[in-house]
Amino acid sequence: EERPQLNLNIRGQAAYESDLQSLKQTHLNNTLTAISKINAQKINGILVAAQNLKWRDALYNLYKRSLNEYWIDVRDRLSLMAELKGEKIDDETLFNKTIKTIYNVLLGKQPVTDENLYSLADHRAQNIKVDLVENHAIDPGRIFILASEVAPDSNNSAVKMTLDLQ
């Protein structure tokens, strides 16, 4: 009796909102790292990185180039807003709020497109194929990468696999 042939179909999926944010964050962090030579993600985040003058200057200069506004204007606006609310804000808190505000504004300005999301989903599927071939001895001729998907209403990044009998 002849055994059926199995083919494995793999489809990468990107979750629109969460993956879009991740790609924007990666893009911004890579830009700041390239300018400052300091990777904020490796030293516990942006507030720690902002203690370093090179990283902080990279953030401030990128903000100035992107929005044509100086960082001190952001700080002054945040200080005024706190004052109008009757809140007292110490220098460290004001500094941290300024850094977070500038970073988040820049994050929203990162040039990430739907094409980037499809590319991310494609890479996920390719990585699964490589793993199956290299670590599980699956014949690469039996593995097919299908067109990737971007799921607008999902927060689940995924790789979907289906088996076809022939």
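Here the structure is a predicted model, which is why all the values come from computation and not from measurement.
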- Query: Pick from Thr98, Leu84, Leu94: which one makes a side chain to side chain contact (heavy atoms under 4.5 Å, CB included) with Ser79?
  - Reply: Leu94

- Would Lys64 and Asp57 pass as an ion pair if we require N to O under 4.0 Å? no

- Query: Salt bridge check: are Lys129 and Glu134 linked by an N-O gap of less than 4.0 Å?
  - Reply: no

- Are any side-chain N or O atoms of His27 and backbone N or O atoms of Leu23, one a donor and one an acceptor, separated by less than 3.5 Å? no

- Query: Heavy atoms, side chains only, cut-off 4.5 Å: are Ile128 and Ile143 in contact?
  - Reply: no

- Going by distance alone, is a donor N or O of one side chain under 3.5 Å from an acceptor N or O of the other, for Tyr103 and Asn29? yes

- Query: Stepwise, does the side chain to side chain donor-acceptor pair (under 3.5 Å) test hold for Thr93 with Asp90?
  - Reply: CA-CA 5 Å; Thr93 303; Asp90 62 79; 3.0 Å; yes

- Message: Main chain of Pro152, side chain of Glu17: is a donor-acceptor contact present, judged purely on distance under 3.5 Å?
- Response: no

- Query: Would Arg11 and Glu149 pass as an ion pair if we require N to O under 4.0 Å?
  - Reply: yes

- Query: Does some side-chain heavy atom of Trp55 sit less than 4.5 Å from a side-chain heavy atom of Ile46?
  - Reply: yes

- Is a donor on one side and an acceptor on the other found under 3.5 Å between the side chain of Ser36 and the backbone of Lys54? no

- Query: Counting distance only, does the side-chain N/O of Asp131 pair as donor-acceptor with the main-chain N or O of Asn127 below 3.5 Å?
  - Reply: no

- Item | side chain to side chain contact (heavy atoms under 4.5 Å, CB included) between Ile99 and Phe95, intermediate numbers included | CA-CA 6 Å; Ile99 294 297; Phe95 173 80; 3.8 Å; yes

- Rounded distance [0.5 Å steps], OH in Tyr60 versus CZ in Arg75: 8.5 Å

- Message: As a test of understanding, state which of Arg124, Lys24, Gln13 forms a side chain to side chain donor-acceptor pair (under 3.5 Å) with Asp19.
- Response: Arg124

